[in-house]
There are 2 protein chains.
Amino acid sequence: MKVSALEEYGLRCMLRLGRVSEGESLTIHEIAEQEGLSVANVRKLMMILREGGLVQSVRGRLGGYALSEPASTITLGRIMESLAGRMYDPEFCGKHSGDVTICVNSGACSVRSLWGVLDGLVGGVLHRIRLSDLIGDEGKVSFSLRKHLEATIDQLLGQPAPRPHSLPVING
Amino acid sequence: MKVSALEEYGLRCMLRLGRVSEGESLTIHEIAEQEGLSVANVRKLMMILREGGLVQSVRGRLGGYALSEPASTITLGRIMESLAGRMYDPEFCGKHSGDVTICVNSGACSVRSLWGVLDGLVGGVLHRIRLSDLIGDEGKVSFSLRKHLEATIDQLLGQPAPRPHSLPVING
DNA sequence: CAAATACTTTACTTTTTCGTATACATTCTG
DNA sequence: CAGAATGTATACGAAAAAGTAAAGTATTTG
């Protein structure tokens, strides 16, 4: 449950592209220099982002990369899933249960339900943060994150699930 | 940001130990068989958990492993940190910024503040879930998780608004 | 058309993580 | 004490992730 290099650098590349004016683009070399990464590494990152439909490329003399949509419609959830997939692969149990075919915890797999909750929590936050929310100074970003966090929590707790008491105070 | 094998299996071993009566213990072979893991692998997992102070061992003929505390006082946060460390290592910027010494985003590192929020969110949840909360059938577990989720969110949103200069100037 | 520039694709090397094997130390049983 | 069962510690090999390198394709410019 660590942030991988792909996620860290891939997101930063997206931010670089989000900071240029609409219609503008950046070359691999420009991104690499700005982020202090190797050209070869940025090349690989951009390929992954392109396969995820997040960026568009133009070849040739005046080529480069640009976001495939405005930064205000791209969520961090989409970016992170392109770069690293979901936090918890539902097939994990089947694949990693050792030499038994079915999950040894199949009856009551508390662990799986835990991962599910965490995945939903993180995913809920990430899918509500737009790339444009991360472009700006750090103070404003935190404020924006806070707003989205509230929205996420609102939805998670607002579901008609077994709840012992009423909603918590949101604007504490 | 994926769940690692160490986390998955280590947590399951802890659950096995949490299910036996107080004063009882399990051998490496017993845990391995119950979880469908190799004996060698469980051996390693238990060593890590032991270094983290989460389990106690007894050597010799009637030896085995047991929780070092009641399952009701051990939080998942402690378990996960022992097994894999924090989600986002604060030194990440310094170590992985490529060939530049200081973080290229030092001025306004939105990315770091994002990881900080996610880390706090996940950590907040994990530190409020006790090992005993995961012992039982899946329905009850979800209910328990939900309660802790509410508590976490309550605290996160109850904090005063983020200060604009709350994060140290990095590297730095 | 030819050269320069930039993206595309594939393969390779390095590093880290994961899993296993082996030799050793400790403790109980008889 | 001898032997068997158990944890301890270290080292080794396989697998995955991360990063690099090189040859190929497309487009613009002169």
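Lettering follows sequence order; numbering is per chain, from 1.
- Atom-to-atom, NZ of A:Lys44 to P of C:dT14 comes out at 15 Å; the value is rounded to the nearest Å.
- Side-chain atoms of B:Leu62 and B:Val58, non-hydrogen and from C-beta on, never get closer than 4.5 Å to each other.
- You'll find the side chain of A:Leu11 reaches within 4.5 Å of the side chain of B:Trp115, heavy atoms only.
- Rounded to whole Å, atom P of C:dG19 lies 16 Å from atom CD1 of B:Ile28.
- Taking atom OH on B:Tyr9 and atom P on C:dT17, their separation rounds to 17 Å, with Å as the unit.
- Candidate nucleotides D:dG7, C:dT20, C:dT8 were compared by shortest atom distance to the side chain of A:Tyr65, and C:dT8 ranks first.
- Straight-line distance from the CG atom of A:Leu49 to the P atom of C:dT8: 12 Å, rounded to whole Å.
- A:Leu45 is listed as a side-chain neighbour of A:Leu37, based on a closest heavy-atom distance under 4.5 Å.
- Under 3.5 Å, the side chains of A:Ser4 and A:Glu7 contain a donor-acceptor pair of N or O atoms.
- Contact of the B:Thr75 side chain with the B:Leu126 side chain is not registered, since no non-hydrogen atoms from C-beta on lie closer than 4.5 Å.
- Taking a 6.0 Å sphere around CD of B:Glu51, one finds it holds more than 12 heavy atoms contributed by other residues, nucleotides or ligands.
- A sub-4.0 Å separation between OP1 or OP2 of C:dT8 and a side-chain N or O of A:Ser57 is present.
- Summarising the geometry, the separation between CD1 on B:Ile48 and C1' on D:dT10 is reported as 14 Å, rounded to the nearest angstrom.
- Put simply, A:Ser38 has a side-chain N or O that comes within less than 4.0 Å of OP1 or OP2 on D:dT20.
- Which of C:dA21, D:dT8, C:dC18 sits closest to the side chain of B:Ala5 comes down to C:dC18.
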- Message: So if I define the base as every atom that isn't primed, P, OP1 or OP2, how would nucleotides 22-30 of chain C read as a B/S/- string at a heavy-atom cutoff under 4.0 Å?
- Response: B--SBBBS-
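- Using a 4.0 Å heavy-atom cutoff across all strands shown, B:Met46 reaches no nucleic acid atom at all.
- The interatomic distance linking A:Glu51 (CD) with C:dT10 (C1') rounds to 13 Å, in whole Å.
- Of the candidate nucleotides C:dT9, D:dG19, C:dC18, C:dT9 has the atom nearest to the side chain of A:Met47.
- Rounded to whole Å, the distance from CG on B:Leu17 to C1' on D:dG7 is 14 Å.
- Here the side chains of B:Thr73 and B:Leu131 are not in contact, with every heavy-atom distance at 4.5 Å or above.
- Residue A:Arg50 has a polar side-chain atom (N or O) positioned under 4.0 Å from OP1 or OP2 of C:dT8.
- One can place CG of A:Leu6 at 16 Å from C1' of C:dT17, the figure rounded to the nearest angstrom.
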